[in-house]
Amino acid sequence: MRFSPSTIRRLGKESIEIVWNDGHKSVYPNRYLRDHCPCATCRERAAHALPVLGSGELYPVQIGVVGRYAISIRWTDRHDTGIFSYTTLRRLCPCESCQSGVDNVTTA
Amino acid sequence: MTTIDDIRERLTEVRPPGFSRDVIAAGMVRDIENENGSVTIFLQAPPMPPHSLGATVTEIGRAVGAMEGVKGVDVRLLSPAHASRGHAPQSGTQAPVSEFEPLEGVRSVVAVASTKGGVGKSTVAANLALAMQRLNQRVGLLDADVYGPSLPTLLGISGRPRVSKNKRIYPLEKYGLQVMSLGFFLDDNSPVIWRGALVAGLVRQFLRAVNWGELEVLVVDLPPGTGDAQLTLVQQVPLAGGVVITTPQEVARLDVQRGIAMFQQVNTTVLGIVENMSYYECPKCGKREELFGSGGGAQIAAQFGVPLLGRIPLIAELRAGGDAGKPIVAERPEHPVSQLFLHIAGKVLEAVEAERMATAPPTILDD
């Protein structure tokens, strides 16, 4: 099946929660997602980027849907060029079972 | 001569049943046009019972129809505006992070793509749109092939589309299809030498600023490739899916794989594959010649698990109809190839409906 989020929820200023269409729940700390911004600029300088905003200061101002495949986030640091595809987000899910490689992403 | 203002004035006398304000005061009249006495009124109605809406439309027709110099009144209903964008209000004057939103009044958008050039994509798109229309759909056809807009030729349309005062562009109509193409704005031999950003801008404008009216299906004829036009389309509007055109030979198959992979990467369903120029049937002896090899379409369909919607033969009538601006489905609906297009159109419409049922955008919530 194709993964797509059923709901995307901002949990205060700490994190974003996604409930997927297969029922899986992912909770992404804001800093973690921001650090994984897939846009070209961020990937270029990822190696030597310094966090400008402390925790609690960095959170999404706006979340928008991009086509049928991604979301785009405007952060409090005004960065908004990252397009987080559903595939990327699912891969980034920090939960133990996803990260331990007990792969629940493979069902065709 | 009756002016738009006169019509507007007259409409202040029309009040929907149960409403305290007239249709003008209630903001229901979005646009009025008067072309030599043929009046078109675009109405955007708030929620109300169907019989009240019907009574309002009848009353508008009666009131305006009785005015001097008015020969006919066409009241068109626009679908309700999308009340909420599903995300938090933006701060200040910043643009929203995403422009993704359904097209007002358009039920489904279907992309026709090929990745490889010269496979007859526009010919198939035009005939497919005409076939859908014969299946009682209101259909629009958007030529997104910026560099080589060929739909004006294929459909035999020329002329400049009208642009209203509030910058809405009105599509040209042919065979009942609403058609928009960059070709309408160009001289025959002026090349379009554009960078990607302009291409994206044009596709956005053709989607948003064109007055498509009420359509069941908008068919988008994409340029070959996997570039700006394609990406803009999928980022702007929810697509019901893509129809991929190929020819049977190996070189087409390789390209078309990329096209299918593109749709899959952006979570857009490939509704099916149409194999064009599948074979040549000798009009004298009836012998089939498979000029470009055989089975290419079926092979890709099997490889990606998508349906092969049909195989269209290479016939002179189809080519000649296109060059003469008389597409075969419109001019010779009884022809076996036209029947084939009708069959394919039926399958596409079925798949579109299934897709509509299956997909909903995510809800974005605040804690």
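Scope of the values below: all heavy atoms of this structure, side chains included, with no hydrogens, waters or symmetry mates. Per chain, numbering begins at 1; letters A, B, ... match sequence-line order.
Only the backbone of A:S6 has a heavy atom closer than 4.5 Å to any heavy atom of chain B. Proximity to chain B (any heavy atom under 4.5 Å) is shown, for A:T87, by neither the backbone nor the side chain. Looking at A:I18, neither its backbone nor its side chain comes within 4.5 Å of chain B, counting heavy atoms on both sides. When heavy atoms are compared at a cutoff of 4.5 Å, B:L231 approaches chain A solely by way of its side chain, counted from C-beta outward.
Between atom CD1 of residue B:I364 and atom CD1 of residue A:I71 there is a gap of 6.5 Å, rounded to the nearest 0.5 Å. Here B:Q235 contributes atom CD and A:R68 contributes atom CZ; the two are 14.5 Å apart, rounded to the nearest 0.5 Å. The distance from the CZ atom of B:F100 to the OH atom of A:Y69 is 10.0 Å, given to the nearest 0.5 Å.
Residue-level contacts of residues 265-274 of chain B with chain A, in order of numbering, are B:Q265, B:V266, B:N267, B:T268, B:T269; threshold 4.5 Å between heavy atoms.
Contact record, B:P362 with A:P5: CB-O, 3.2 Å, taken as the closest heavy-atom pair.
The shortest distance between side-chain heavy atoms of B:T363 and A:I8 does not fall below 4.5 Å.
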